[in-house]
Visitor: 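Have a look at this one before I ask anything.
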Amino acid sequence: MHTTAGRGLVAVTGAGGFIGSHLVEALVSRGHRVRAFVHYNGSGSHGWLDTLAADQLAQVEVVAGDIRDRGMVQRFADGAEVIYHLAALGGIPYSYLAPQSYVETNVTGTLNVLEAVRSGGCGRVVVTSTSEVYGTATSVPMDESHRLRGQSPYAASKIGADKIAESYHLSFGTPVVTLRPFNTYGPRQSTRAVIPTIISQLATGAGRVELGALDTTRDLLYVGDTVAAFIAAGEAPADAVLGGVFQACTGRETSVGDLVSKIAAIFGVTPVVEVSDARLRPTTSEVERLLGDNRLIRARTGWQPTTSIEDGLKTTVEWFADPANLRLYRADRAV
């Protein structure tokens, strides 16, 4: 790997993923040179970065590696003005099967990034949290002071990453900002998530949708708004954000059952909805309600969501319904 230094260089871990690839696109469009960290694999795939246009990729230095390798992360971080740390092992159902992998990737990986920032003089790192760290809401709307509760191994690993980031800021003055997006959706999302699950099943034309719990509610944020929140956290004045935790959310909640109705209306169908045991979380692990409060991030950075759930779902359905995109997914995959 070679080092690229210079004004405007930003780095993104997890760049081949759903949100990461959208963030890379947005940063390139803002004139940045981007160093993108993707998970090494034998096929040479760079994930969703492989779908970017050639002129966009010309501004991206892709580095394949493993976030668990401290030396690799140190070299990756060298010379970056801002690091957006999105690399993580996601998905709640798989965390029941492989909890150690979540700790090694999400906690140790974050530790490696923080060590690189601490020793390398990077101006800022934006660490990605998740609304799952809260568990089921005990009060709504939920703000950044809501208690944390690890209702799944995934959530616990992200709590650990959040606290490691907090400790590095308090102990060493590491320039950390923690961004806590609520439920992001949009093109390229994995069918582990509920919206692509519904869309991909309806797009196959079977007229039947298998889901888990239908009455749980989520605060749903379109990926373009999530990306804008990352950039706001990365570019806001240091005294406004360093050491802080900020929620990116809409302040509105939608149940899974209502999502089915909204998406089915876009398709113009009336589906048969079946609850599948394979898609249900253990009872005490199910997060029943998430509804966020975005006043802090709005006050400190000026960010606010701009995409309605109706417009966001329409754009997402159009993307998934394209046969070229749909064939990349398995509608029957529950984990």
Visitor: Should V126 and I83 count as side-chain neighbours, where that means a heavy-atom distance under 4.5 Å?
Guide: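 No, their side chains stay 4.5 Å or more apart.
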
Visitor: Quick check: does any side chain N or O of E286 sit under 3.5 Å from a backbone N or O of Q151, one acting as donor and the other as acceptor?
Guide: no

Visitor: Can you tell me how far apart NZ (K163) and OG (S129) are? Round to the nearest 0.5 Å.
Guide: 10.0 Å

Visitor: Without swapping roles, check the side chain of S157 against the backbone of V107 for a donor-acceptor pair under 3.5 Å.
Guide: no

Visitor: More than 12 non-hydrogen atoms from neighbouring residues, nucleotides or ligands closer than 6.0 Å to CZ on R149, yes or no?
Guide: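 No - once you tally the heavy atoms of other residues, nucleotides and ligands closer than 6.0 Å, there are 12 at most.
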
Visitor: With rounding to the nearest 0.5 angstrom, report the CG to OG1 distance, L23 to T226.
Guide: 10.5 Å

Visitor: Can you tell me if CD on E274 sees more than 12 non-hydrogen neighbours from other groups inside 6.0 Å?
Guide: yes

Visitor: Got a donor-acceptor contact below 3.5 angstrom from the H22 side chain to the P187 backbone?
Guide: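 Confirmed, H22 side chain pairs with P187 backbone.
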
Visitor: Among R68, Q74, R70, exactly one meets side-chain hydrogen bond (donor to acceptor under 3.5 Å, both in side chains) together with N112. Which residue is that?
Guide: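 Of the listed options, the one satisfying the test is R70.
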
Visitor: As a quick check of understanding, evaluate salt bridge (Lys or Arg N to Asp or Glu O under 4.0 Å) for R35 and E81, giving each step before the final call.
Guide: CA-CA 11 Å; R35 184 180 293 153; E81 295 179 359; over 6 Å; no

Visitor: Can you give me the closest heavy-atom contact between V209 and P271, atom names plus distance?
Guide: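 V209 and P271 have their closest heavy atoms at CG2-CB, 4.1 Å.
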
Visitor: Would you give the length of the straight line joining atom CG of D258 to atom CG of D215, rounded to the nearest 0.5 angstrom?
Guide: 11.0 Å

Visitor: For the pair D162 and R180, find out whether any cationic side-chain nitrogen is under 4.0 Å from an anionic carboxylate oxygen.
Guide: yes

Visitor: Take the angle between the ring planes of Y102 and Y154 and call it parallel below 30°, perpendicular above 60°, tilted in between.
Guide: perpendicular

Visitor: A side-chain contact here means heavy atoms from C-beta on lying under 4.5 Å apart; do E210 and T197 qualify?
Guide: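 Of all side-chain heavy-atom pairs linking T197 with E210, none is under 4.5 Å.
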
Visitor: Under 3.5 Å, is there a donor-acceptor pair linking the side chains of H85 and T110?
Guide: yes

Visitor: Looking only at non-hydrogen atoms, find the nearest pair between A236 and T301 and report the distance.
Guide: CB-CG2, 3.9 Å

Visitor: Just by modelled atom types, is the V28 backbone N or O under 3.5 Å from a matching donor or acceptor in the R33 side chain?
Guide: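 Judged by distance alone, no pair lies under 3.5 Å.
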
Visitor: For a 4.5 angstrom cut-off between non-hydrogen side-chain atoms, does V60 reach V24?
Guide: yes

Visitor: Do E310 and K314 meet the salt-bridge criterion of a basic N to acidic O distance under 4.0 Å?
Guide: no

Visitor: Counting N and O atoms only, with roles assigned by atom type, does the side chain of N294 sit under 3.5 Å from a partner on the main chain of C249, one being a donor and the other an acceptor?
Guide: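 Yes.
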
Visitor: Tell me, do L313 and I309 make a side-chain contact under 4.5 Å, heavy atoms counted?
Guide: yes

Visitor: Give me the atom names and distance for the closest heavy-atom approach of V38 to H46.
Guide: CG2-CD2, 3.8 Å

Visitor: Quick one: pull up CH2 in W303 and CG in D225 and give me the separation to the nearest 0.5 Å.
Guide: 6.0 Å

Visitor: Could you measure the distance from the OG atom of S95 to the CG atom of N106? Nearest 0.5 Å is fine.
Guide: 9.5 Å

Visitor: To the nearest 0.5 Å, what is the distance between OG1 on T254 and CG on L259?
Guide: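 Rounded to the nearest 0.5 Å, the OG1-CG separation comes to 5.5 Å.
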
Visitor: Hydrogens and angles aside, do D219 and S131 bring a side-chain donor and acceptor to less than 3.5 Å of each other?
Guide: no

Visitor: L170: which residues meet the side chain to side chain contact (heavy atoms under 4.5 Å, CB included) condition with it, sequence neighbours left out?
Guide: E166

Visitor: When you check the side-chain N and O atoms of S308 and Y222, is any donor under 3.5 Å from an acceptor?
Guide: no

Visitor: Give me the atom names and distance for the closest heavy-atom approach of V227 to A26.
Guide: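 Heavy atoms only, the tightest pair is CG1-CB, 3.5 Å.
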
Visitor: Ignoring hydrogens, what is the shortest heavy-atom contact between A155 and G150? Give both atom names and the distance.
Guide: CB-CA, 4.1 Å

Visitor: Could you pull out all residues at least two apart from W48 that satisfy ring-ring contact (aromatic ring centres under 6.0 Å, His included)?
Guide: W319

Visitor: Between E235 and R300, is there a salt bridge with N-O shorter than 4.0 Å?
Guide: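 Judged by the 4.0 Å cut-off on N to carboxylate O distance, R300 and E235 do not form a salt bridge.
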
Visitor: Are any non-hydrogen side-chain atoms of T13 and Y84 less than 4.5 angstrom apart?
Guide: no

Visitor: Any salt bridge between R295 and E144, counting N to O under 4.0 Å?
Guide: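 Here R295 does not pair with E144 in a salt bridge, since their nearest N and O are not under 4.0 Å apart.
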
Visitor: Just checking, any donor-acceptor pair under 3.5 angstrom between side chains of H146 and T138?
Guide: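 Distance-only check passes for H146 and T138.
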
Visitor: Taking R147 for its side chain and Y134 for its backbone only, find out whether a donor-acceptor pair lies under 3.5 Å.
Guide: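 Yes, the answer is positive, given that a donor and an acceptor are paired below the 3.5 Å cut-off.
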
Visitor: Test of understanding: with side chain to side chain contact (heavy atoms under 4.5 Å, CB included), list the residues that count as partners of F172, not counting sequence neighbours.
Guide: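 So F172 forms a side chain to side chain contact (heavy atoms under 4.5 Å, CB included) with R118, Y168, T174.
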
Visitor: Between P99 and P153, which heavy-atom pair has the shortest distance, and what is it?
Guide: CB-CB, 3.9 Å

Visitor: In sequence, state the C-alpha distance, the side-chain angles, and the governing distance for D293 and Q247, and then conclude on side-chain contact (heavy atoms from CB on, under 4.5 Å).
Guide: CA-CA 7 Å; D293 182 336; Q247 295 183 159; 4.2 Å; yes

Visitor: Are side-chain heavy atoms of F182 and T250 found at a separation under 4.5 Å?
Guide: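 Not in contact.
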
Visitor: May I ask you to test the V12-F37 pair for a side-chain heavy-atom distance under 4.5 Å?
Guide: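 A side-chain contact is absent here, since even the closest heavy-atom pair is not under 4.5 Å.
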
Visitor: Side-chain donor-acceptor pair under 3.5 Å between E253 and T217, yes or no?
Guide: yes

Visitor: Is there side-chain contact between V127 and L179, with heavy atoms separated by less than 4.5 Å?
Guide: no

Visitor: Start with the C-alpha gap between E132 and K158, add the side-chain angles, then the distance that decides, and say whether salt bridge (Lys or Arg N to Asp or Glu O under 4.0 Å) holds.
Guide: CA-CA 8 Å; E132 286 287 332; K158 295 298 284 185; over 6 Å; no

